[in-house]
Amino acid sequence: MLALTATTDASLTAPPTADALQADLQTAYPCKEIDGRKVWKGGLAYYIQSYVYDGQTAGDATDVATDAVLPTDNSPETMQEFEEACLTLAPMAIKGE
């Protein structure tokens, strides 16, 4: 039983897969921009519009490339910035609930 518990605990702390993050992004809601980049909040992570390089502007792309922002990969200060960007635009706040 102990081995099963340890395996279960390890699976809970495993980082989400790329497929899981992609599915999560599809249902994420928009937040306030951070440094001119679009931000979304999903159930697994926050997402931020990727930087644009090679002289391309963000408006040039039909698909917006994003980066997942996970708590395990970022400082508490960074996560606080994302939390604050999404706080006032949460779906419940928009619906007035």
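FYI, side chains are in, hydrogens and waters are out, and symmetry mates aren't considered; it's all heavy atoms of this structure.
Not a single side chain to side chain donor-acceptor pair (under 3.5 Å) links N74 to another residue, sequence neighbours left out. By the ring-ring contact (aromatic ring centres under 6.0 Å, His included) test, Y47 is found to be paired with no residue, residues two or more places apart in sequence or in another chain being considered. Scored by the side chain to side chain contact (heavy atoms under 4.5 Å, CB included) test, T27 finds D24 as partners (sequence neighbours excluded). By the side chain to side chain donor-acceptor pair (under 3.5 Å) test, Q26 pairs with no residue at all, sequence neighbours left out. For the side chain to side chain donor-acceptor pair (under 3.5 Å) test, residues two or more places apart in sequence or in another chain that qualify with Q80 are E84.
If you take CE on M79 and OH on Y46, they are separated by 5.5 Å, rounding to the nearest 0.5 Å. Taking CG of D67 as the start and CG of L25 as the end, the distance is 10.5 Å to the nearest 0.5 Å.
Taking the side chain as every heavy atom from C-beta outward, L87 and K32 never approach each other to under 4.5 Å.
Linking ILVMFWY residues whenever their side-chain heavy atoms come closer than 4.5 Å, directly or via other members, leaves Y29 and I48 in distinct clusters.
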Please tabulate, for side-chain N and O atoms in residues 35-45, each donor-acceptor pair with protein atoms closer than 3.5 Å (sequence neighbours left out).
| residue | atom | partner | partner atom | Å |
| --- | --- | --- | --- | --- |
| R37 | NE | Q49 | O | 2.7 |
| R37 | NH1 | Y51 | OH | 3.1 |
| R37 | NH2 | Q49 | O | 2.8 |

